[in-house]
*Asks:* 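Sending over a structure as structure tokens; questions will come in a sec.
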Amino acid sequence: MLDSVFRHTDAYLASLDDRPVGVPVAPEVLRSRLAGELPDVGVAPEQVIDELVEAVDPGLVASAGPRYFGFVTGQALPAARAADMLAAVWDQNAFSYVSSPAAAVVEEVAERWVLDVLGLPESASVGFVTGASMANATCLAAARNVVLRRLGWDAARDGLIGAPPLPVYAGAEAHATIFAALRLVGLGAGSATLVDVTPQGALDAEALVLDGPAIVCAQAGNVNTGAVDDLALLAEKCRAAGAWLHVDGAFGLWAAAAPSLRASVAGVELADSWATDAHKWLNVPYDSGLAIVANRVAHRAAMGLSAAYLTESEHRQNYDYTPEASRRARGFAVYAALRSLGRSGLAALVERCCAHARLFASLLGEGGATVLNDVVLNQVLVAAPPDAMARVQEDGTCWLGGTVWRGQSAMRISVSGYETTEDDVRRSAAAILRALG
Ligand SMILES: *Cc1c(COP(=O)(O)O)cnc(C)c1O
């Protein structure tokens, strides 16, 4: 059975360089291939898999390949992909130490390595969650409890009904998932006071006025421009006011791992919590996000299970750091990615993506396109009508998504893959220029 899976895997990976990246497909096409009646009698597993592989093919997006530039989607490093496949084969429940000592210790080691490469405090804790959305929610749950405690309220015990007002600030360009996370943790999507942003979409730290305990949602890496907030100034203001500084660094936090880019996130280590993705710039397969909290006790108090479980233990209990109990052993793939890259390989991956973004900007600019952002990380924003973007997707050389920036329709190029080459950038830039006409 697994032999056939490996054959399918090899064939798919070998096709990635040539297959159209993400050609639109109508759902009926896929339904007609997939949606027969549920059989009364089971079908042999080999047949199920062979026919699944055949049926889904037109609906697969080659985001594992080198010319997918949508949604800050990283590829999957070979070691990370393999570790993730093994996690499925081992079928470990990463819930607790006894349910999988291996998953507990791997996450403990991966935690240490993540903090190390990102230059965050050694004493911080890391929860292995589905993505930055859940990382934002996890961190903001800890923030909510700690800041309300400063205001004399025990939210973990008493909930939010009757709690004192809790001021929340976010940049006007904060990611949509920050507001979804605020809604999920009971603070309300509309509760945040929006702070003005700089022309590149960073929160204008000078404009932020704090007069007491609050939660400030900062950003390392605006999803359109890559702009990073002035984290050092924000941290200073938060410290003075007794406020909690949370950084959504879904992709941008990885700039901290590259010596040449570290200055762009200066002060990041002074925050109270950080959300980031391993499935973006670290090139780990989905789903893999990291919820990082400077105060381990606060992290555990917000996420750990009932008092019965919350006993001191000499072991890491993974359930202390994530909203879930039973779950996939996500740490294996993060561990494998970091070990296979090493410190220098990770820095090179991040730097190479940024260099490719700059090359994109210069090729597109020379070709007559208008680049709308300062290319500071891996994001390039190009003025384009929606139909030009549709033509790029239809052409299939590369895939990128659309956005609206300052009222102007634009295409967004995110270079996040370890295998993307200069040649991929040149081929893709040519396809984009053709589509722009
Ligand atoms: C991608 C992204 C998110 C959401 O991350 P998911 O992994 O999709 O949950 C949040 N913030 C920023 C800045 C992002 O780029």
Side-chain angles (χ1 to χ4, degrees), residues 61 63 68-76 80 84 114 118 126-141 143 170-185 189 192 194 197 200-203 216-229 231 234 245-256 264-265 268 271 273-292 322-324 327-328 330 333-334 337 350 353-354 357 373 376-381 400-403 405 410 412-417:
V61 174
S63 45
Y68 185 89
F69 303 114
F71 303 110
V72 211
T73 294
Q75 297 179 262
D84 212 37
V114 162
L118 296 177
V126 179
F128 293 78
V129 294
T130 48
S133 300
M134 278 319 295
N136 279 327
T138 300
C139 293
L140 290 175
E173 291 269 342
H175 195 265
T177 58
I178 282 289
F179 303 100
L182 289 170
R183 188 179 60 204
L184 189 64
V185 303
L194 297 184
V197 289
Q200 289 295 314
L203 186 156
V216 176
C217 302
Q219 190 164 255
N222 176 298
V223 78
N224 282 317
T225 64
V228 179
D229 298 353
L231 300 171
L234 290 174
L245 180 60
H246 170 67
V247 179
D248 175 1
F251 65 95
L253 199 59
W254 296 95
S264 64
V265 292
V268 69
S273 60
W274 306 264
T276 193
D277 270 318
H279 59 218
K280 285 181 177 168
W281 226 344
L282 186 58
N283 284 230
V284 165
Y286 292 96
D287 49 28
S288 190
L290 304 168
I292 312 174
T322 63
E324 311 99 336
R327 65 171 170 83
R328 202 163 61 80
R330 298 191 181 100
V334 174
V350 171
C353 289
C354 295
N373 67 321
V376 289
L377 290 179
N378 58 339
Q379 306 293 97
V380 186
L381 209 49
L400 34 85
T403 188
W405 175 250
R412 192 173 74 201
I413 304 168
S414 301
V415 192
S416 319

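Remember, it's 1-based here, ligands and their atoms both numbered in the order they're listed. The structure displayed is predicted, hence computed values, not measured ones.
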*Asks:* Please check if any side-chain donor atom of Gln379 sits under 3.5 Å from a side-chain acceptor atom of Thr225, or the reverse.
*Replies:*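 Looking only at side-chain atoms, Thr225 and Gln379 do not form any donor-acceptor pair under 3.5 Å.
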
*Asks:* Would you say Asn222's side chain and Asn224's backbone share a donor-acceptor pair under 3.5 angstrom?
*Replies:*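 The answer is yes, because a donor-acceptor pair under 3.5 Å joins these two groups.
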
*Asks:* Which N/O atoms of ligand 1 sit under 3.5 Å from a protein N/O, and at what distances?
*Replies:*
| unit_1 | atom_1 | unit_2 | atom_2 | d |
| --- | --- | --- | --- | --- |
| ligand 1 | 5 (O) | Asp277 | OD2 | 3.3 |
| ligand 1 | 7 (O) | Ala132 | N | 3.1 |
| ligand 1 | 7 (O) | Asp277 | OD1 | 3.0 |
| ligand 1 | 7 (O) | Asp277 | OD2 | 2.7 |
| ligand 1 | 7 (O) | His279 | NE2 | 2.8 |
| ligand 1 | 9 (O) | Ala132 | N | 3.3 |
| ligand 1 | 9 (O) | Ser133 | N | 2.8 |
| ligand 1 | 9 (O) | Ser133 | OG | 2.6 |
| ligand 1 | 11 (N) | His175 | ND1 | 3.4 |
| ligand 1 | 11 (N) | Asp248 | OD1 | 3.1 |
| ligand 1 | 11 (N) | Asp248 | OD2 | 2.7 |
| ligand 1 | 15 (O) | Lys280 | NZ | 2.9 |

*Asks:* Between the main-chain N or O of Val129 and the side-chain N or O of Asp287, is there a donor-acceptor pair closer than 3.5 Å?
*Replies:* no

*Asks:* Is a side-chain donor or acceptor of Arg412 paired with a backbone partner of Thr403 at a separation under 3.5 angstrom?
*Replies:*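 Such a contact is absent between Arg412 side chain and Thr403 backbone.
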
*Asks:* Keeping Trp254 on the side-chain end and Asp277 on the backbone end, is there a donor-acceptor pair under 3.5 Å?
*Replies:*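 Yes, Trp254 side chain to Asp277 backbone: donor-acceptor pair under 3.5 Å.
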
*Asks:* The criterion is ring-ring contact (aromatic ring centres under 6.0 Å, His included); which residues satisfy it with Phe179, sequence neighbours excluded?
*Replies:* none

